[in-house]
Protein chains: 2
Amino acid sequence: MPACRIPNIIGFQTMGEAWLMAITLDDVAKLAGVSRSAVSRTFTDGASVSSKMRRKVEKAASELGYSPNFLARSLTTRRTKLIGLVSDNFHNPLFLEVFDQFTRGLQDRGLRPLLVNLSVETDAESSARMLQQYSVDGVIVASSTLPPAFSKTFRDAGVPVVNSFGRYSSDPDMHIVGIDNIECGRMAAHELLNRGYKNIGFLGGPEPATSTQDRFTGFQNELQKHPEAVLSYSFSEAYSFDAGRKEMQRLLRGASHAEAYFCGDDVLSIGALSAIKEAGLNVPSDIGIIGLNDMQMSGWQNINLTTIRQPIAQIINASIELMVSMLEKPDRYPEARVFPCAVIERGTLRAPQEN
Amino acid sequence: MPACRIPNIIGFQTMGEAWLMAITLDDVAKLAGVSRSAVSRTFTDGASVSSKMRRKVEKAASELGYSPNFLARSLTTRRTKLIGLVSDNFHNPLFLEVFDQFTRGLQDRGLRPLLVNLSVETDAESSARMLQQYSVDGVIVASSTLPPAFSKTFRDAGVPVVNSFGRYSSDPDMHIVGIDNIECGRMAAHELLNRGYKNIGFLGGPEPATSTQDRFTGFQNELQKHPEAVLSYSFSEAYSFDAGRKEMQRLLRGASHAEAYFCGDDVLSIGALSAIKEAGLNVPSDIGIIGLNDMQMSGWQNINLTTIRQPIAQIINASIELMVSMLEKPDRYPEARVFPCAVIERGTLRAPQEN
DNA sequence: GAAGGTTTTGCAACCGGTTGCAAAAATGTT
DNA sequence: AACATTTTTGCAACCGGTTGCAAAACCTTC
């Protein structure tokens, strides 16, 4: 029995092995000479205990180094304070910021993120079942690419769910917080037109993703108002550097490329920028690029990407807020929270033209 | 009681509210007309049940959509399959890869990562207590900057812990997996000397971090063998782009800067590269840079950083492996696993000199 | 078909907590 | 001091599972 294993061994022997036993409620009750309920009550807030009792119990508890077992507690309270944090964006640098803020925000509210990495093969059903088996209080689905049906799996399993970075809908059937991708597309188009670009390209993320579709729709709509503008478009395989680079290389090999591109995402944009530079062309003099997200890296001076900022801090705060309110009121009416995006001007688009 | 809330409502009424009740063992037992233990046994592998019984139970279970509650189970089995994944590196892009691989690796083994974001203010004790309250089976501390004492808090609380990306020690007092930072420092110095650089700089990460210290030690040692070489050194405030950029700006403003720098980390290197470019200097013709980590971004064509690869996949696999083996044998002898690093040649150092 | 061995099953206690209820103690009122 | 009221406390049942043990059921074998 190594000495380092103090403080608390109420050791018991099995197969010649000493095990570290956790201190339980009973141990404290015994030491303090009070009932189990008394101990329980001093550790659940809102319960009635006299100050004498509380002192006695707390003394015994601290002497033994006791702290209550949350999981055992959850059995009767039906609250684990565990929140499933589900995502499939483990390759987009933006999501490190997202995870950072989610974990911090949840922790600040006494909630614990159970992280689920949804790789392609893992199916919705099994993740949902697993999260149910762990009795999570709720699930936050943080992804702009997962189909809406995914979140519904959780909802149908009776678990409060908020869909973060999901598709905006005017008639949401579950909590959803994010941006209006159609509006973003429009904004990007407007920005490009405003700077006098005529031959304009849309370099989207994965075609099936709703975020890609919506951005394209908005982009198209805006361009249609300007008959002088020429639209070309294509999609990349993923929201990744390589995909963006590859697609831009393909475009540059073609007969003629656009004067400026709206890329589906910053990391895609950075890939495209790399391809442009490799081809010996300059940004913004030869080709303009506008991205979307404004991840930290985009502001780095050697990247300096003009982009549309997605207010992730607000999205995350709102998501957590909605989750917390759902925990209190599970049948809360589904709500969509949409945050406005804004163009962040840096160095990859030419200056606005006077015309 | 909304229709979407099927499949399973054994509804009960409270304050006029319908609640979704989880299906329990008892429900299944009742429906199948068998004992509770029978149901329990069909769902715990290694238990003896006749095939008849199993069929009966499984039929009833699937009819009700039952799956066992892991947390209740954990009360008697003393296994939650929850693993605390603790880190303070939520700003280094490398760690997105780290989280991706950790979560996937743990999931593949049926373990669940409970993510803990250790911001500066949160203290070790309280995180340790919290993880204990959730009865995690083990804790993986993934950080190259946290002091070793931190991991010891968990160990002293009786929780199996492996320190990933931690400081190598020839006499480890807990499981530790990572690289030999002294050797890395040496390797960097050797590489720079080999390329004929004479005036050589060490641009370290945060000075107090053991990883910084060790890299510096190795770097220094190697340089001492070459009296013709001149060493200068400084430290940045953090492993971040901004810190690297700022420090390099400071160096460039100085009377004379080194011909080549070993930066404590890739993201630091990228910041330094940015500063160099902004100053109108070229890499590698004016200044050489070698980083450490080889995160994905370093291979991007527009960054193309020569660096020392830290084999994160192997480190993570080994960490998980050690954790799994500790779960089976908690008093396993502490072990240090050290993986070799290798120089990845790209475009930020000049070619080796023949001399 | 009975004896003997093996497997399957159910009972009941337990894991570490919480909580409704009634008894006990403390407090207030006259 | 006697009584009514409020607060505090302990008992015992419960949350949703697991498991040691003994009884029951099933196989062999003679």
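Per chain, numbering begins at 1; letters A, B, ... match sequence-line order.
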A/Arg36 (side chain) and C/dG17 (base): donor-acceptor pair under 3.5 Å: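 When only heavy-atom distances are counted, A/Arg36 does reach the base of C/dG17 through a donor-acceptor pair under 3.5 Å.
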Any N/O donor-acceptor pair, A/Thr24 side-chain to C/dC15 base, under 3.5 Å: no
Nucleic acid contacts of residues 67-76 of chain A, taken as heavy-atom distances under 4.0 Å to DNA chain D: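 Nucleic-acid contacts, sorted: A/Leu75, A/Thr76.
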Near-strand residues of residues 46-53 of chain A, defined as heavy-atom separation under 4.0 angstrom from DNA chain D: A/Ser48, A/Val49, A/Ser50, A/Met53
Kindly write out the residues that satisfy side chain to side chain contact (heavy atoms under 4.5 Å, CB included) with [X], not counting sequence neighbours, or none if the list is empty.
X        : result
B/Pro334 : none
A/Glu321 : A/Arg337
A/Ser67  : B/Arg129, B/Gln133
A/Leu106 : A/Ile83, A/Leu111, A/Pro113, A/Ile140, A/Ile320

Report the distance from atom [atom1] of [X] to atom [atom2] of [Y], rounding to the nearest 0.5 Å.
X        : Y        : atom1 : atom2 : value
A/Tyr66  : A/Asp27  : OH    : CG    : 9.0 Å
A/Asn89  : A/Leu118 : CG    : CG    : 10.0 Å
B/Gln101 : A/Phe90  : CD    : CZ    : 11.5 Å
A/Ser135 : A/Leu75  : OG    : CG    : 8.0 Å

Applying salt bridge (Lys or Arg N to Asp or Glu O under 4.0 Å), which residue pairs with at least one partner in [range] are found, sequence neighbours left out?
range                       : value
residues 139-148 of chain A : none
residues 134-154 of chain B : B/Lys152-B/Asp173
residues 46-59 of chain B   : B/Arg54-B/Glu58, B/Lys59-B/Glu63

Phosphate OP1/OP2 of D/dG16: any A/Tyr134 side-chain N/O under 4.0 Å: no
Under-4.0 Å side-chain N/O to phosphate OP1/OP2 contact, A/Arg78 with D/dG16: yes
Round to a whole Å and report the spacing from [atom1] of [X] to [atom2] of [N].
X        : N      : atom1 : atom2 : result
B/Gln133 : C/dT18 : CD    : P     : 11 Å
A/Arg54  : D/dT9  : CZ    : P     : 10 Å
B/Phe43  : D/dT18 : CZ    : P     : 10 Å
B/Leu25  : C/dC11 : CG    : P     : 13 Å
A/Asp26  : C/dT18 : CG    : P     : 12 Å
A/Gln132 : D/dG17 : CD    : P     : 11 Å

Name the atoms and distances for all side-chain donor-acceptor pairs under 3.5 Å in residues 29-41 of chain A, with sequence neighbours left out.
unit_1: A/Ser35; atom_1: OG; unit_2: A/Ser37; atom_2: N; d: 3.4
unit_1: A/Ser35; atom_1: OG; unit_2: A/Ala38; atom_2: N; d: 3.2
unit_1: A/Arg36; atom_1: NH1; unit_2: A/Asp26; atom_2: OD1; d: 3.2
unit_1: A/Arg36; atom_1: NH1; unit_2: A/Asp26; atom_2: OD2; d: 2.9

Which nucleotide in D/dT18, D/dC11, C/dT18 has an atom nearest any side-chain atom of B/Thr77: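 The answer is D/dT18, which lies nearest to the side chain.
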Close aromatic pair by centroid cut-off 6.0 Å: B/Phe99 and A/Phe95: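 Between A/Phe95 and B/Phe99, which both carry aromatic rings, the centre distance is not below 6.0 Å.
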Rounded to 10 degrees, the angle between the two terminal axes of the helix from C/dG1-D/dC30 to C/dT30-D/dA1, each from five pairs: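 Terminal axis comparison yields 30°.
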Ion pair B/Asp100/B/Arg104, N-O distance below 4.0 Å: yes
Check the interface with nucleotides 21-23 of chain C: list each N/O to N/O pair with the protein under 3.5 Å, or write none.
none

